[in-house]
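Below: the structure, in structure tokens.
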Amino acid sequence: MESKELMQLAAQACEDKRGEDIVVMDMKHVSLISDYFLICHGTSERQVQAIARGIKQEAEEKGIEVKRFEGFEHARWILIDLDDVVCHVFHEDERGYYNLERLWGDAPTYTFQDIAPDQA
């Protein structure tokens, strides 16, 4: 699966679990870490866990190996490493504090509406 398709799959999983303020950062020319960062947040620990679980489940159903799945227990910042796509699912209180969008401000940034599969 191409990294763009994987990013769209993960973004749709976030949307399906009502993830808020879904943002995708194109990291291809900014970092060697991954092709995309996907960032979203939930308003409760249970929702943050549901979003992360949804991303993991969708990836595994498509045969994508989840390289790393961290932070699930505390549900303040869950990282799901899908190799070419790294998903950051925050609790809304933590997202502003870490502000990855500003930290990686050189990367082109897109909203879910910009990258939704029927729009791409």
Side-chain angles (χ1 to χ4, degrees):
M1 177 177 284
E2 301 267 335
S3 62
K4 182 176 179 180
E5 293 172 304
L6 180 56
M7 172 268 296
Q8 290 171 324
L9 177 86
Q12 187 61 56
C14 291
E15 176 72 10
D16 291 347
K17 297 296 182 182
R18 300 198 189 328
E20 297 189 19
D21 195 15
I22 301 168
V23 171
V24 172
M25 301 180 79
D26 186 341
M27 304 299 287
K28 289 189 285 282
H29 301 291
V30 180
S31 173
L32 299 174
I33 296 170
S34 67
D35 288 348
Y36 297 99
F37 276 5
L38 185 142
I39 305 167
C40 73
H41 70 266
T43 57
S44 70
E45 286 85 1
R46 291 184 79 179
Q47 184 187 20
V48 170
Q49 289 175 332
I51 295 166
R53 202 178 298 115
I55 294 169
K56 183 177 187 276
Q57 181 179 351
E58 286 294 323
E60 289 174 344
E61 285 177 4
K62 298 289 186 192
I64 306 299
E65 179 185 357
V66 177
K67 304 279 186 189
R68 182 175 286 160
F69 191 76
E70 296 182 5
F72 187 81
E73 184 178 323
H74 297 289
R76 303 305 288 179
W77 176 1
I78 301 176
L79 182 133
I80 305 108
D81 184 350
L82 304 174
D83 199 23
D84 290 334
V85 178
V86 176
C87 305
H88 303 270
V89 183
F90 286 98
H91 187 284
E92 69 179 331
D93 297 338
E94 307 299 323
R95 185 172 182 173
Y97 179 79
Y98 290 103
N99 202 351
L100 295 184
E101 292 96 324
R102 195 178 101 232
L103 180 66
W104 294 97
D106 293 344
T109 303
Y110 307 97
T111 66
F112 177 74
Q113 290 74 23
D114 296 331
I115 56 90
D118 59 342
Q119 301 297 315

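Along the sequence shown, residues are numbered consecutively beginning with 1. Values in this document were obtained by computation on a predicted structure and should not be read as measured data.
- In this structure, Q47 contributes its side chain and T43 its backbone to a donor-acceptor pair below 3.5 Å.
- Residues V30 and L79 fall within the same hydrophobic cluster, defined by Ile, Leu, Val, Met, Phe, Trp and Tyr side chains chained together at heavy-atom separations under 4.5 Å.
- Both I51 and V24 belong to a single network of hydrophobic side chains, linked directly or stepwise wherever heavy atoms of I, L, V, M, F, W or Y lie under 4.5 Å apart.
- By the rule that hydrophobic residues join a cluster once side-chain heavy atoms approach within less than 4.5 Å of another member, V86 and I64 end up as members of separate clusters.
- Closest of all the heavy-atom pairs between D26 and Y36 is CA-CD2, 4.0 Å.
- The same ILVMFWY cluster, assembled from side-chain heavy atoms under 4.5 Å apart, contains both V66 and F72.
- For residues 96-106, the set of pairs meeting the side chain to side chain donor-acceptor pair (under 3.5 Å) definition, not counting sequence neighbours, comprises R95-E101.
- Here the NZ atom belonging to K17 is positioned 12.5 Å from the SG atom belonging to C40, to the nearest 0.5 angstrom.
- In this structure, the separation between CD1 on I22 and SG on C87 is 10.5 Å, given to the nearest 0.5 Å.
- Here Q113 contributes atom CD and E15 contributes atom CD; the two are 7.0 Å apart, rounded to the nearest 0.5 Å.
- Taking all atoms of both residues into account, the shortest heavy-atom contact from D21 to H41 is CB-CE1, 3.8 Å.
- L82 and L38 fall within the same hydrophobic cluster, defined by Ile, Leu, Val, Met, Phe, Trp and Tyr side-chain heavy atoms under 4.5 Å apart, directly or through other members.
- Qualifying ring-ring contact (aromatic ring centres under 6.0 Å, His included) partners for H88, counting only residues two or more places apart in sequence or in other chains: F37, W77.
- Here the closest non-hydrogen pair linking V85 and S34 is N-CB, 4.3 Å.
- When all heavy atoms are compared, the tightest approach of S3 to D84 is CB-CB, 3.6 Å.
- Note that CD of E70 and CD1 of I80 are 10.5 Å apart. Values are rounded to the nearest 0.5 Å.
- Checked against ring-ring contact (aromatic ring centres under 6.0 Å, His included), Y110 has no partners two or more places apart in sequence or in another chain.
- Residues D35 and K4 are not paired through a salt bridge, judged by the lack of any N-O separation under 4.0 Å between the basic side chain and the carboxylate.
- At least one donor-acceptor pair under 3.5 Å links the side chain of E5 to the backbone N or O of E2.
- Interatomic distance, CD1 of I78 versus NE2 of H91, reported as 10.5 Å (0.5 Å rounding).
- Counting non-hydrogen atoms of neighbouring residues, nucleotides and ligands closer than 6.0 angstrom, the NZ atom of K62 reaches no more than 12 such neighbours.
- For the residue pair E61 and Q57, a side-chain donor N or O sits within less than 3.5 Å of a side-chain acceptor on the partner.
- Residues D83 and E65 have side chains not in contact (no heavy-atom distance under 4.5 Å, counting atoms from C-beta outward).
- Residue Q49 comes nearest to A75 through the heavy atom pair CG-CB, 3.6 Å, listed as atom of the first residue, atom of the second, then distance.
- You'll find the side chain of R76 reaches within 4.5 Å of the side chain of E45, heavy atoms only.
- Between C14 and I55, the shortest heavy-atom contact is SG-CD1, 3.5 Å.
- Between the side chain of T109 and the backbone N or O of A107 there is at least one donor-acceptor pair closer than 3.5 Å.
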